[in-house]
Amino acid sequence: MPSIYCCNSSPNQEIGSNCESTPQKRRLRSNSTSLQDAPICTPKQRKSPRSCFNSGPSTPLKGKNGDSDERPGSRCQLPVMKLSSDFKIKPDWQPNDVEHLGAVKAALHVSTAPSTVLCREDEQKKVFDFCKNCIEQGKAGSLYLCGLPGTGKSLSMEKVKQHLLNWSKESGCLPPDIVALNCTSLTKTSEIFSKIIGKIEPRNSINRSITHLQHLQNLYSQELQSSRLKMMVIIADELDYLITKDRALLHDLFMLTTLPFSRCILIGIANAIDLADRFLPKLQSLNCSPIVITFRAYSADQILTILQDRLMGLPYTVFQPQALELCARRVAAASGDITESSLCLSTIEILEGERRDSITSRNSASMIEGSSKKQTTPAFESHKEQENILVRIDHMAAALSKAYRTPIVDTIQSLPQHQQMILCSAVKTFRRGKKDSTLGELNKHYVDICKSTMIPPVGNLEFTSMCGVLNDQGLLKLGQSRDERSKRVALKVDEADITFALQGVRLFRNCLQ
């Protein structure tokens with residue numbers, strides 16, 4: 001009997017005459033719509049990585065026979081992702097461009113005042129709140145700002161001075177008179193009183209029969225004359241320059257704030273922390289000592305934040321992140337002086353010299369090779385070019401080496417390789433806040449570094465002997481114990497010195513990161 005085709009079967013499917021008795025599948029309610037109306041979305045076929053390399057979201061899939069499945073409605077069309085209009089790629093930093101070079105040097109120079117003083121918000125708030133309360137209450141007072149050089153004292157006062165003027169305008173208060181001076185610019189120490197009196201009254205109306213100090217004392221001792229004066233903020237930077245043998249001038253300056261009808265707020269700035277205790281003992285006995293606000297040295301994280309903020313305004317990347325972090329750590333370990341971070345400018349000069357040598361060697365090599373030079377992909381060339389124009393960590397290490405050359409760094413750099421690896425493992429051991437550890441744990445980190453660098457480690461006895469040598473040189477501190485592996489070990493030098501000394505060697509650079 002000839003075979004027939006079933007109405008619901010495919011053209012290639014043969015069935016017998018009893019096809020009508022074949023039980024049909026149960027029809028679901030969701031399938032009640034016609035197949036022609038419903039869109040068809042076939043499962044996405046898996047594509048091999050090789051075929052994915054040259055394909056995109058709109059590339060048609062291929063069947064088993066290699067035919068592309070381009071039937072309308074045969075697969076779901078995925079939307080093509082587009083970059084946001086806000087996403088902008090920064091142009092490349094060109095060290096040979098005069099404009100680029102000038103912009104980088106201006107951003108890193110210490111004379112460039114930033115728009116905001118970072119990491120000094122608490123100190124500025126204390127000074128501003130003190131001056132604000134004195135102005136609102138019409139009372140005098142004195143502050144003493146102290147801290148190491150380069151900790152943001154003078155720059156913070158510039159911002160506080162601007163905040164006071166803005167606040168007085170917004171609140172409707174009478175703006176105070178502000179006398180800001182650097183005491184090192186005075187020809188005579190007593191000239192400071194003439195600067196103050198010149199802000200209050202014109203020189204023609206000043207009584208020349210008495211000194212300027214006596215004239216100020218008379219003004220602030222009489223209520224009638226003092227009531228017509230505005231509040232005055234006196235900012236005396238480098239206050240220790242006013243210290244004389246009898247200490248009378250510095251004492252008289254602070255005593256102006258203790259007069260009964262005084263209208264002045266004195267803010268002294270100097271580096272010495274105990275200046276008020278040593279040179280103004282009489283004020284302390286009168287319970288009139290100035291309020292002391294200490295500006296602590298910048299930490300590594302704070303220096304890194306300040307450097308990143310200065311470079312953020314540039315439309316291109318100049319430094320590798322690891323290079324800036326190395327600079328921040330070394331400056332923080334040395335002094336915490338933010339002005340010393342300007343040595344980043346010397347890394348630009350190192351990069352310029354390196355690029356000049358690279359261009360010279362490249363031109364000579366191209367003349368020799370000629371047209372036989374291998375072709376490289378554009379992505380690889382751009383990535384290589386980007387690395388060559390950035391300030392790398394070895395550039396920063398070379399600049400820091402010139403600025404912070406110490407006997408400890410020289411000693412570490414002159415050590416044998418395995419002793420340097422022990423110090424490198426000690427840095428990794430104590431990086432998480434540990435103060436000391438055991439010799440066995442230090443040996444474990446040492447073996448891990450040897451494995452990562454594919455250098456055979458020394459034996460336990462030789463390792464213990466090398467730790468003893470480092471202890472004799474004052475780089476490590478070994479404790480006493482019967483068991484060698486249980487001896488306590490600690491670093492006797494700063495971690496930043498070890499990082500700085502070994503950062504220029506590529507072998508240790510990856511281990512210390």
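Values below: every heavy atom of this structure, side chains too, minus hydrogens, waters and symmetry copies. It should be emphasised that the depicted structure is a prediction, and the values quoted were computed from it without experimental measurement.
Screening L307, I348, I393 against F319 for a side chain to side chain contact (heavy atoms under 4.5 Å, CB included) leaves a single residue, I348. Each of I269, I267, L253 was scored for a side chain to side chain contact (heavy atoms under 4.5 Å, CB included) with L239, with one residue passing: L253. Each of L143, L145, V127 was evaluated against I291; a single residue qualifies, L143, per the side chain to side chain contact (heavy atoms under 4.5 Å, CB included) test.
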* side-chain hydrogen bond (donor to acceptor under 3.5 Å, both in side chains) assessment of S154 paired with E158 -> CA-CA 6 Å; S154 303; E158 289 294 326; over 6 Å; no
* Apply side-chain contact (heavy atoms from CB on, under 4.5 Å) to the pair C344 and M396, showing each step before the final yes or no. => CA-CA 7 Å; C344 293; M396 187 63 68; 3.9 Å; yes
* To do: Take K125 and E121 through the salt bridge (Lys or Arg N to Asp or Glu O under 4.0 Å) test and state the conclusion after the steps.
  => CA-CA 6 Å; K125 188 177 183 303; E121 292 81 3; over 6 Å; no
* **Evaluation steps, side-chain contact (heavy atoms from CB on, under 4.5 Å), between L343 and L400** => CA-CA 8 Å; L343 57 88; L400 292 172; 3.4 Å; yes
* Could you please spell out the steps behind the side-chain contact (heavy atoms from CB on, under 4.5 Å) verdict for T294 and V292? => CA-CA 6 Å; T294 304; V292 180; 4.1 Å; yes
* To do: Please report the C-alpha distance between D337 and L148 in whole Å, then the side-chain angles of each, then the deciding distance to 0.1 Å, and finally whether the side-chain contact (heavy atoms from CB on, under 4.5 Å) criterion is met.
  => CA-CA 7 Å; D337 187 350; L148 295 174; over 6 Å; no
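Residue I306 comes nearest to Y298 through the heavy atom pair CD1-CE2, 3.7 Å, listed as atom of the first residue, atom of the second, then distance. Of all heavy-atom pairs between G474 and V493, the closest is O-CG1, 3.9 Å. The two residues A300 and R329 come nearest to each other via the heavy atoms CB-CA, 4.0 Å. Heavy atoms only, all atoms of each residue included: G336 and I303 are closest at CA-CD1, 4.5 Å. Of all heavy-atom pairs between C146 and N271, the closest is CB-O, 4.4 Å. Residues A113 and L155 come closest through the heavy atom pair CB-CD1, 4.4 Å.
The CG atom of L442 lies 7.0 Å from the OG atom of S437; values are rounded to the nearest 0.5 Å. One finds the CD1 atom of I350 at 11.5 Å from the CG atom of L345 (value rounded to the nearest 0.5 Å). The OG1 atom of T347 sits 10.0 Å away from atom CD of E352, with the distance rounded to the nearest 0.5 Å. In this structure, NZ on K492 lies 9.5 Å from CG on L476, to the nearest 0.5 angstrom. To the nearest 0.5 angstrom, S156 atom OG is 7.0 Å from E123 atom CD. For the atom pair C131 SG and K161 NZ, the distance stands at 12.0 Å (nearest 0.5 Å).
Side chain to side chain, S335 and E340 meet the donor-acceptor criterion of an N or O pair below 3.5 Å. When only modelled atom types and interatomic distance are considered, T184 and N182 share a side-chain donor-acceptor pair under 3.5 Å. A donor-acceptor pair shorter than 3.5 Å cannot be found between the side chains of E495 and T499.
Comment: E354 engages R392 in a salt bridge, judged by a side-chain N to carboxylate O separation of less than 4.0 angstrom. Residues K199 and D177 are not paired through a salt bridge, judged by the lack of any N-O separation under 4.0 Å between the basic side chain and the carboxylate. Of the charged side-chain nitrogens involved, at least one lies within less than 4.0 Å of a carboxylate oxygen, so that D497 and R330 count as a salt-bridged pair.
Atom CG of L461 has 12 or fewer heavy atoms from other residues, nucleotides or ligands within 6.0 Å. By the 6.0 Å contact criterion, CZ on R296 is open, its count of non-hydrogen atoms from other residues, nucleotides or ligands being 12 or less. Few gaps surround CZ on R310; more than 12 heavy atoms of other groups in view lie less than 6.0 Å from it.
With contacts defined as side-chain heavy-atom distances shorter than 4.5 Å, the pair L275/I243 qualifies. Inter-residue side-chain proximity for T151 and I338 is flagged as unmet; no heavy-atom pair is nearer than 4.5 Å. Taking the side chain as every heavy atom from C-beta outward, I408 and I498 never approach each other to under 4.5 Å. Side chains of M232 and I196 form a contact here, defined as non-hydrogen atoms less than 4.5 Å apart. Annotation: side chain of L415 is in contact with side chain of L475 (closest heavy-atom distance under 4.5 Å). Using a 4.5 Å heavy-atom cutoff, the side chains of V117 and R120 are in contact. Contact check for D410 versus I412: no side-chain heavy atoms found under the 4.5 Å cut-off. Counting heavy atoms from C-beta outward, L491 and K477 have side chains that stay 4.5 Å or more apart.
Between the side chain of K153 and the backbone N or O of G147, at least one donor-acceptor pair lies under 3.5 Å. Although no hydrogens or angles enter the test, the distance criterion places no donor-acceptor pair under 3.5 Å between the side chain of T438 and the main chain of R488. In this structure, D309 contributes its side chain and T305 its backbone to no donor-acceptor pair below 3.5 Å. Between the side chain of Q413 and the backbone N or O of A501 there is at least one donor-acceptor pair closer than 3.5 Å.
Ring geometry, Y446 versus F463: the interplanar angle falls from 30° to 60°, so the pair is classed tilted.
Identified under the side-chain hydrogen bond (donor to acceptor under 3.5 Å, both in side chains) test for residues 453-472, with sequence neighbours left out: N443-N460.
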